[in-house]
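So the structure is just underneath, and the comments pick up after that.
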Amino acid sequence: MRLRFSRRSPGADVLIELRPAGFDPYAELQRYQTETLGHAGKYGATCSFVGTMRDFNENETVRRMFLDHYPGMTERQLERIAEEAKTRWRFLDALVIHRVGEILPDQPIVLVAVWSSHRGAAFDACRYIMEELKSRAPFWKKETLALGERWVEKNTGGY
Amino acid sequence: MRLRFSRRSPGADVLIELRPAGFDPYAELQRYQTETLGHAGKYGATCSFVGTMRDFNENETVRRMFLDHYPGMTERQLERIAEEAKTRWRFLDALVIHRVGEILPDQPIVLVAVWSSHRGAAFDACRYIMEELKSRAPFWKKETLALGERWVEKNTGGY
Amino acid sequence: MSIRVRYFGSLREKMGRVDDILAAEDIDTVSDVWKAVSEGEYLPDRILCAVNMDYADPDAPVKDGDEVAFFPPVTGG
Amino acid sequence: MSIRVRYFGSLREKMGRVDDILAAEDIDTVSDVWKAVSEGEYLPDRILCAVNMDYADPDAPVKDGDEVAFFPPVTGG
């Protein structure tokens, strides 16, 4: 699912994608910047965040994970979050990629990147999108442990 | 100049490099993560920042730039900044790459990346290193305009 | 009237089903929907609600054709 | 005594040289170094100072063999 909103709000483009298969966040950044981003020479700052699956959580070894989501609502909420960020900070473009389905340790779960003229906006908007995503985007993690499975109960705050 | 401090302070490694030639920050991140970083499955968060040369500054078109530095002191100050970050936040590894010499618009100037277990530390430490670098690391930019040259007078704050 | 009720995450497993179609006439709010699908229980504080894919309060109104969803706190990212 | 004095950025162009070697005996502080290389001027507020590659105040002591540097505000990143 690829959701691109093209300059609907003043200034910024945002691409939001849900991915059922693994992705390389740095190859994505490179490709997006080269092929999609229309601002060569205009952006001075890019802040990106990559969330990666760890092989442990709350003192237990985690073998793999299933990421449930709510098709339609997940994309809509990510879009809302990006729109809010656009009203709060001046940036040129943003990219959000989030995995769904089966994930293995060391695989990327989420990439958020923001391109802007000045670094403050890039850092602030990237972090805002990440934090809001963590608290509002409808995703649910189920971990497979050495013995049995468990749903992750709650995300912790990131500030 | 490649400066790696290996677990001198508890926990974190840091690699600092000055580069006389262009570099691709996302290829560097990918390579560093694959070849150097010894924490597969342990880091859940990576925050990175890339500063890119713009083709304008203070209402003037900038054709190219020369980045002067103070060999020895520049590396030492970057090392100090990274050490301070290590005492303030818990992270696993950090990478700082900074260009020196002739730079063209759209080329990367600086990459700062921080790997940690939790996202708050990655964001905070990455931004701290960038801000301190901007105010304390001995680099000086001289811009070539359509007519003539000028030294950049001062960096602006990023918060 | 007809309301589709969907469940996600651990709540889906607790409910033992992915959705319900409600046809009852005496449903005005999200809370009423929950009571109808849970044999009269009150909506637990920690369960989040959405109407037509937007977050909604328990006392938000629902109408014929709406899609109502219930799910635990989100854990993406 | 012998002190190497280095200049960077725009200050290097203003000084018209990359460094000086000071041999004077009556130099105790960074300010004294500046006066010696600038024909008695006071150190401008905006010029930063380093002794042996660490930032230093104008009244920081200098000794034989030190490397002292003067430069404008930094503009990297």
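Proteins come first, then strands; the chains are lettered A, B, ... in the order of their sequence lines, and each starts at number 1.
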Under 4.5 Å from a heavy atom of chain D, the part of Asp68(B) involved:
side chain
Residues of residues 70-77 of chain D within contact distance of chain B, non-hydrogen under 4.5 Å
Phe71(D), Pro72(D), Pro73(D), Val74(D), Thr75(D), Gly76(D), Gly77(D)
Examine whether an atom of Thr74(B) lies under 4.5 Å from a heavy atom of chain D, and if so say whether it belongs to the side chain, the backbone or both; otherwise answer neither.
neither
What do you reckon, is CZ of Arg17(D) surrounded by more than 12 foreign heavy atoms closer than 6.0 Å?
yes
Counting only heavy atoms from other residues, nucleotides and ligands, does the tally under 6.0 Å from CZ of Arg90(B) exceed 12?
no
Can you confirm whether more than 12 heavy atoms, excluding those of Arg136(B), are under 6.0 Å from its CZ atom?
yes
Under 4.5 Å, heavy atom to heavy atom: which of residues 50-65 of chain D reach chain B? Give them by number, or say none.
Ala50(D), Asn52(D), Met53(D), Asp54(D), Tyr55(D)
Tell me, do Glu67(D) and Met73(B) make a side-chain contact under 4.5 Å, heavy atoms counted?
no
Are Glu13(D) and Trp151(B) close enough that some pair of their side-chain heavy atoms sits under 4.5 Å apart?
yes
Could you name the residues of residues 19-38 of chain D that have a heavy atom within less than 4.5 Å of a heavy atom in chain B?
none
Which members of residues 105-117 of chain B, sorted by number, sit under 4.5 angstrom from chain D on a heavy-atom basis?
Ile109(B), Val110(B)
Once you round to the nearest 0.5 Å, how far does NZ of Lys142(B) lie from OG of Ser10(D)?
9.0 Å
